[in-house]
Amino acid sequence: MARLLLIEDDPAIRTTLLRALRDRGHAVAAAAAAMEGLQTALAERPDLIVLDLGLPDLDGRELLRMLRAVSRIPVIVATARDEETEMVRLLDAGADDYVVKPFTAAQLDARVRAVLRRGGGGGAEAAPVLEVGGLRIDPAARTVTLDGTGVELTPREFDLLHHLALRAGQVVTKRELLSEVWQVPYGGADKTVDVHLSWLRRKLGETAQEPRYLHTVRGVGVKLSEPA
Ligand code: CA
């Protein structure tokens with residue numbers, strides 16, 4: 001069971017999701033507007049927030065920025081627009097994942113569980129520290145350093161990098177990344193992998209055109225390897 005906060009102004013959607021998420025065993029609080037949602041988030045510290053972008057008092061993206069300034073509570077954004085630029089903007093603004101409207105409660109619940117699994121650090125066994133060139137990935141502490149300097153990653157970016165590091169030197173397919181890192185089947189969502197890879201690249205200070213660690217193998221997948 002997780003404690004969720006649903007910020008959604010549409011009463012019909014709110015009621016439906018509230019009921020469906022509770023039926024799936026979550027404790028769910030709801031807010032119908034952005035500022036009310038922010039106050040509830042800070043007061044109640046839910047495990048995860050589901051945020052509708054179209055809110056009456058404040059744009060959801062703005063709320064996300066305000067929230068990220070003070071909190072790392074995972075956020076899944078509900079957006080009406082299925083566009084890559086919009087996705088990148090949302091992920092950049094600190095969203096952990098997104099669902100595109102219209103979505104089912106089952107889809108949302110799957111995303112909620114996946115985000116919480118990533119953030120929760122459930123498996124307590126001490127996983128070994130991985131080193132690839134100047135990259136050092138510590139799965140127990142969930143920290144990454146590059147040439148001794150800390151790199152700030154979101155939970156998903158960390159899992160992506162960790163998975164690639166486990167297979168360092170090998171090409172990992174998007175299909176594998178989707179099933180192992182995102183826990184979703186292949187098909188349609190592979191843009192998600194590209195978006196997260198581009199973000200990871202930026203944080204590692206490299207580009208797809210001039211890769212150091214992350215090498216795209218066109219039509220196959222991606223490989224993490226020590227810079228030449
Ligand atoms: Ca709305």
Side-chain angles (χ1 to χ4, degrees), residues 1-119 154-157 178 182-185 187-196 198-199:
M1 184 201 81
R3 292 165 55 247
L4 310 179
L5 170 62
L6 173 65
I7 307 177
E8 166 66 68
D9 62 317
D10 185 313
I13 297 177
R14 194 171 62 239
T15 307
T16 305
L17 287 180
L18 207 57
R19 192 175 302 141
L21 290 169
R22 281 176 179 160
D23 284 349
R24 286 174 162 78
H26 302 296
V28 194
M35 293 320 290
E36 181 197 345
L38 184 61
Q39 282 165 6
T40 309
L42 297 180
E44 311 223 332
R45 299 272 157 191
D47 299 321
L48 184 144
I49 297 170
V50 178
L51 173 64
D52 173 38
L53 286 188
L55 292 168
D57 53 337
L58 189 69
D59 187 83
R61 290 167 201 81
E62 203 50 48
L63 176 62
L64 182 59
R65 266 181 218 105
M66 291 166 71
L67 189 70
R68 275 292 165 265
V70 293
S71 160
R72 276 301 315 159
I73 297 172
V75 174
I76 295 178
V77 162
T79 172
R81 289 161 53 196
D82 186 13
E83 295 170 11
E84 190 158 357
T85 47
E86 173 73 0
M87 276 157 45
V88 174
R89 212 175 289 140
L90 291 171
L91 296 169
D92 249 336
D96 294 88
D97 207 346
Y98 60 90
V99 282
V100 177
K101 290 184 172 182
F103 56 85
T104 65
Q107 282 169 349
L108 177 60
D109 184 44
R111 299 294 178 97
V112 165
R113 284 184 283 112
V115 167
L116 290 174
R117 209 160 36 226
R118 293 202 305 272
T154 64
R156 182 88 84 188
E157 289 164 352
L178 279 167
W182 274 264
Q183 278 109 23
V184 297
D190 56 318
K191 265 196 307 191
T192 304
V193 176
D194 294 331
V195 170
H196 280 81
S198 72
W199 207 17

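Start at 1 and go down the list; that is how both ligands and their atoms are numbered.
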Original post:
Hey, are R19 and D23 close enough for a salt bridge, meaning a charged N less than 4.0 Å from a carboxylate O?
Top reply: no
**OP:** Ignoring hydrogens and angles, tell me if any N or O in the side chain of D96 forms a donor-acceptor pair with the backbone of I76 under 3.5 Å.
**Re:** no
**OP:** Identify the residue among T154, D194, D92 that makes a side chain to side chain donor-acceptor pair (under 3.5 Å) with W199.
**Re:** D92
Pairs under 3.5 angstrom only: tabulate donor-acceptor contacts from the side chains of residues 57-67 to other protein residues two or more places apart or in another chain.
from	atom 1	to	atom 2	distance (Å)
D57	OD1	A34	N	2.8
D57	OD2	A34	N	3.3
D57	OD2	M35	N	3.0
D59	OD1	R61	NH1	2.9
D59	OD2	R61	N	2.9
D59	OD2	R61	NH1	2.8
R61	NE	E86	OE2	3.4
R61	NH2	E86	OE2	2.6
E62	OE1	R65	NH1	3.4

**OP:** Check whether any side-chain N or O of R68 sits under 3.5 Å from a backbone N or O of S71 as a donor-acceptor pair, and report yes or no.
**Re:** yes
**OP:** Please report the number of protein N, O or S atoms that lie less than 3.0 Å from the Ca ion (ligand 1).
**Re:** 3
Original post:
Is K101 salt-bridged to D52, going by a charged N under 4.0 Å from an acidic O?
Top reply: yes
